[in-house]
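Residues: numbered from 1 along the sequence shown. The figures that follow rest on heavy atoms only: side chains count, while hydrogens, waters and symmetry mates do not.
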Amino acid sequence: RAAARRARGADDDGARGHSYALLVTSGLEDVCAAAIEREALEGCAAVSLEIVAPPPLQAGFAAGPAGGSAPLLARSAQPLPAAAVCHPCVAAALALVVYEAALPDDALRSAADVARRMPAAAFARALRTLKAHWRERPPDERTFRVATLRGGGAHAFTSKEVDAALADHVSALQPKWRVDLSRPDVLVVAVVLHRTLLVGVALPPFAPRAAHVLPLEPRAALVAGRERPHTRPARAAALLRLAAVRDGEVLLDPCGGIGVIALEAAGYAAVHALTIDVDGDASASAAAHARRAAAAGLL
């Protein structure tokens, strides 16, 4: 595993540059980092991309959903290009507020401890990065939501308690903001994995989901909010790059569900992608998604 991948002229001054956490599939960090560098950051100066080692877990505890995504830490003198923020392998792009690994055992004794580790200056820098990526004029009075993934250890607090503590902290920093759990302008994401803490602000475009912490990756072919359960598109994209799918090949997904892997394959390489499933409704959804992708010029 490479400890870090660096491009020329990286600006290490966090006060002037921009810091990011690109969440990718755990276990495929190297594959995703290489793909992002090759497909989105080729020729970009003043960018650094770092692969961080997975945190050790407390014996007897599982990472759970908190361990499903791993951060690639990026720093750039200028805002990252949209091709990197919206790269197919990225499950969520965050303007990084704080990332701390191997914290002392007593550092996270309560949800309030999590909130206290989010300095006002760091949050302000993340909002500056968010503003740089906002495609439209930001609203004067914004709404926000906090969502937390937690796992890997015996914490004396729940994810909901972290949500509440961070929401109170954000409200103190931004008194004019109000909470909106369904359609927030700003989504604050926290990941507490044993003694590792990550807090970031989701970059647009994102479609928040009430029952999930991470938003759904933007895919024109998928109908947001009405889709059946399926593989995350970012995970499918990473698997296809791991398999090194090449132009001219035929790809078959025999348990294809709504067709995510086949759609990602067709968008990644000039392949003949086939998807089948014993569930007729899932196959019908796959066909509908293929038609949407074709209409959008993605196939």
Side-chain angles (χ1 to χ4, degrees), residues 22-25 28 31-42 68-69 72 80-94 133-136 182-183 187 202-299:
L22 305 179
L23 300 186
V24 300
T25 301
L28 296 177
V31 173
C32 295
I36 292 169
E37 287 182 325
R38 181 178 63 251
E39 300 165 18
L41 296 177
E42 183 69 30
S69 297
L72 300 178
L80 282 184
V85 171
C86 298
H87 189 275
C89 289
V90 174
L94 309 177
H133 287 271
W134 221 306
R135 296 181 178 180
E136 300 176 354
S182 58
R183 298 179 60 86
L187 175 63
L203 298 177
F206 67 84
R209 299 182 291 173
H212 299 271
V213 171
L214 297 181
L216 182 68
E217 298 97 293
R219 294 294 194 271
L222 300 180
V223 183
R226 298 201 304 271
E227 72 281 357
R228 296 162 59 92
H230 59 78
T231 299
R232 289 199 74 102
R235 185 166 299 166
L239 290 173
L240 291 164
R241 284 155 178 78
L242 177 66
V245 177
R246 295 176 295 179
D247 291 352
E249 293 184 334
V250 176
L251 179 140
L252 170 64
D253 185 357
C255 301
I258 66 171
V260 172
I261 291 179
L263 287 169
E264 291 294 318
Y268 173 56
V271 301
H272 185 56
L274 304 172
T275 178
I276 58 175
D277 199 284
V278 295
D279 186 327
D281 290 340
S283 294
S285 294
H289 291 147
R291 289 193 295 270
R292 287 173 59 89
L298 304 176
L299 303 180

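Atoms CG and CH2, from Leu203 and Trp134 in turn, are 10.0 Å apart once rounded to the nearest 0.5 Å. To the nearest 0.5 angstrom, Thr231 atom OG1 is 8.0 Å from Asp253 atom CG.
Pro218 pairs by the side-chain contact (heavy atoms from CB on, under 4.5 Å) definition with Pro205, not counting sequence neighbours. Contacts of Arg246 classified as salt bridge (charged side-chain N to carboxylate O under 4.0 Å, His left out), with partners at least two apart in sequence or in another chain: Glu249.
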Distance-only check: which donor-acceptor pairs under 3.5 Å involve side-chain atoms of residues 80-94, not counting sequence neighbours?
residue	atom	partner	partner atom	Å
His87	ND1	Cys89	N	3.0
His87	NE2	Glu39	OE1	2.9

Would you tabulate the side-chain donor-acceptor contacts of residues 254-275 under 3.5 Å, counting partners in other chains and residues two or more places apart, or write 'none'?
residue	atom	partner	partner atom	Å
Glu264	OE2	Arg219	NE	2.6

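Panel note: side chain Arg241, backbone Ala237; a donor-acceptor pair is recorded below 3.5 Å.
Residues Pro215 and Leu187 come closest through the heavy atom pair CD-CD2, 3.9 Å.
For residues 276-287, every residue pair satisfying the side-chain hydrogen bond (donor to acceptor under 3.5 Å, both in side chains) rule, not counting sequence neighbours, is listed here: Arg228-Asp279.
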